[in-house]
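Both ligands and their constituent atoms are indexed starting at 1 by order of listing.
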Amino acid sequence: MTPPAVETTPEADRIQALFNRIAPVYDRLNDWLSLGQHRIWKLMTVKWSQASAGDTCLDLCCGSGDLAQLLGERVGKTGQVFGVDFSCAQLEIARQRGETHYPPRTHIQWIEADALNLPFADNFFDAATMGYGLRNVTDILMSLQELHRVLKPGATAAILDFHRPSNPTLNGVQQWILQTIVVPVATANGLQDEYAYILPSLEKFPQGPEQIRLAHQAGFAQATHYPIAGGIMGVLVVTKRLS
Ligand SMILES: C/C(=C\Cc1cc(O)c2ccccc2c1O)CCC[C@H](C)CCC[C@H](C)CCCC(C)C
Ligand SMILES: C[S@@+](CC[C@H](N)C(=O)[O-])C[C@H]1O[C@@H](n2cnc3c(N)ncnc32)[C@H](O)[C@@H]1O
């Protein structure tokens with residue numbers, strides 16, 4: 001199904017270019033800067049998606065494909081996974097890693113498309129994940145509405161992203177790490193501006209209760225937000241009404 005052309009915006013172009021630029025070092029810096037913990041957070045996210053053997057699943061804003069590969073492990077050879085991103089450089093890394101880092105299992109299809117205008121029919125997916133994408137799309141509500149549209153009735157999506165801890169001390173530690181460790185390490189890789197973007201994007205990102213409100217506004221029957229890692233991350237779990 002060919003979606004109608006979607007008007008891009010300067011902000012979306014900026015985000016797309018940012019993730020194209022960081023693609024070569026993205027995975028390595030995630031592992032270093034989170035001490036590998038992001039892989040635990042992604043495992044939790046896939047479990048919360050309730051993806052099962054034989055399912056057709058979506059990994060929205062898939063980037064280099066971590067969550068799509070984890071979905072592939074859960075759906076197995078009888079299932080299928082679609083990884084969707086609008087960064088061609090991230091998708092190229094995803095394809096390369098799929099061929100070299102992972103055993104051939106589920107056939108994962110890597111689709112270059114806009115999360116705000118998905119090239120899939122209504123009621124298509126049994127489960128979905130979205131890792132660190134909701135904070136980066138230019139229209140959170142529209143993204144949740146599109147996700148709702150393509151999920152089957154009764155299907156669940158798990159949406160992982162940064163979260164600002166309610167504990168002031170942990171909030172301060174999160175900001176300190178981002179400013180004093182993450183940005184200097186990124187600067188050493190020539191990506192100061194790209195990683196300096198994280199903190200302001202986090203500061204304007206809705207907290208859990210507002211994410212739940214947006215999910216209900218987008219049409220989801222159920223929405224729960226789970227702060228994890230002391231609240232420095234969070235997973236919004238949403239379910240489409242069964243009928
Ligand atoms: C996988 C992670 C972040 C993905 C990510 C999301 C974005 O929106 C970006 C925007 C611009 C550049 C890069 C990214 C990006 O990588 C989370 C882990 C990687 C983080 C960069 C590091 C976060 C550190 C935490 C604040 C504290 C970690 C504590 C840990 C227990 C040591
Ligand atoms: C921080 S990365 C997350 C990648 C991966 N999900 C992970 O967990 O590591 C955010 C991704 O969202 C993608 N993205 C942002 N806005 C998008 C949009 N409107 N449509 C498709 N992809 C988008 C970016 O290109 C980038 O690859």
Derivation and outcome, side-chain contact (heavy atoms from CB on, under 4.5 Å), residues T56 and F124:
CA-CA 8 Å; T56 296; F124 189 77; 3.9 Å; yes
May I ask you to list the atoms of ligand 1 that are less than 4.0 angstrom from any heavy atom of Y197?
10 (C), 11 (C)
Side-chain donor-acceptor contacts of residues 216-236 below 3.5 Å, not counting sequence neighbours, with atom names and distances?
unit_1, atom_1, unit_2, atom_2, d
H216, ND1, F220, O, 3.1
Q217, OE1, R213, NH1, 3.1

At a non-hydrogen distance cut-off of under 4.0 Å, which region of I232 contacts ligand 1 (side chain, backbone, both, or neither)?
side chain
Residue I22 vicinity, atoms of ligand 1 by number, heavy atom under 4.0 Å
12 (C), 13 (C)
The answer, listing residues by chain and number that come under 4.0 Å of ligand 2 through any heavy atom, is I15, F19, Y26, K42, C61, C62, G63, D85, F86, S87, Q90, A113, D114, A115, G131, Y132, N136, V137
Under 3.5 Å between any N/O of K42 and any N/O of ligand 1: does that happen in this structure?
no
Between V137 and M130, is a side-chain contact (heavy atoms from CB on, under 4.5 Å) present by the stated rule, with each step listed?
CA-CA 11 Å; V137 298; M130 187 178 194; 4.0 Å; yes
Ligand 1 versus L191: contacting region, heavy-atom distance under 4.0 Å:
neither
Looking only at protein heavy atoms, identify the closest one to atom 15 (C) of ligand 1 and say how far it is in Å.
Y26 CE1, 3.6 Å
Considering heavy atoms of the protein only, find what lies nearest to atom 20 (C) of ligand 1 and give residue, atom and distance to 0.1 Å.
F162 CZ, 4.0 Å
If hydrogens are left out, which of W176, Y132, W32 has an atom nearest to atom 1 (C) of ligand 1, that is, the closest non-hydrogen atom?
Y132
Spell out, as yes or no, whether a donor-acceptor pair under 3.5 Å connects the side chain of D55 to the backbone of V75.
no
Which option wins on minimum heavy-atom distance to atom 11 (C) of ligand 1: M233, Q174, E194?
E194
Could you walk me through whether E73 and Q69 satisfy the side chain to side chain donor-acceptor pair (under 3.5 Å) test, starting with their C-alpha distance in whole Å, then the side-chain angles of each, then the deciding distance to 0.1 Å, before giving a yes or no?
CA-CA 6 Å; E73 288 177 18; Q69 292 291 352; over 6 Å; no
Using the side chain to side chain contact (heavy atoms under 4.5 Å, CB included) rule, pick out the option among T129, I108, L58 that qualifies with L71.
T129
Any idea which heavy atoms bring G131 and D59 closest together, and the distance?
N-OD1, 4.5 Å
Using distance alone, determine whether R135 and ligand 1 share an N or O pair under 3.5 Å.
yes
Kindly determine whether F205 and F162 satisfy ring pair (Phe, Tyr, Trp, His ring centres under 6.0 Å), including the steps that lead there.
CA-CA 9 Å; F205 188 50; F162 282 92; 9.0 Å; no
Closest non-hydrogen protein atom to atom 30 (C) of ligand 1, residue and atom name please, with distance?
S34 O, 3.9 Å
Distance-only polar pair, side chains of S52 and R74, donor-acceptor under 3.5 Å:
no
Which residue owns the protein heavy atom closest to atom 31 (C) of ligand 1, what's the atom, and how far is it?
Q37 CG, 3.9 Å
Nearest protein heavy atom with distance in Å, relative to atom 19 (C) of ligand 1
N30 OD1, 3.4 Å
Could you give me the CA-CA distance, side-chain angles and deciding distance for F19 and F86, then say whether ring pair (Phe, Tyr, Trp, His ring centres under 6.0 Å) is met?
CA-CA 9 Å; F19 285 102; F86 70 1; 8.1 Å; no
Among protein heavy atoms, which sits nearest to atom 24 (C) of ligand 1, and what does the distance come to when rounded to 0.1 Å?
L33 O, 3.9 Å
No-hydrogen, no-angle side-chain donor-acceptor test under 3.5 Å, Y197 and N136:
yes
Closest candidate by heavy atom, reference atom 14 (C) of ligand 1, pool L35, L199, I198, D193
I198
For K42, run the salt bridge (charged side-chain N to carboxylate O under 4.0 Å, His left out) check against D66, D31, D27 and tell me which one passes.
D66
Polar-atom distance check: Y195 versus ligand 1, any N or O pair below 3.5 Å?
no
Check the side chains of Q16 and N20 for a donor-acceptor pair under 3.5 angstrom, ignoring hydrogens and angles.
no
Verdict with reasoning, N123 to K240, per side-chain contact (heavy atoms from CB on, under 4.5 Å):
CA-CA 10 Å; N123 308 311; K240 186 170 180 175; 2.7 Å; yes
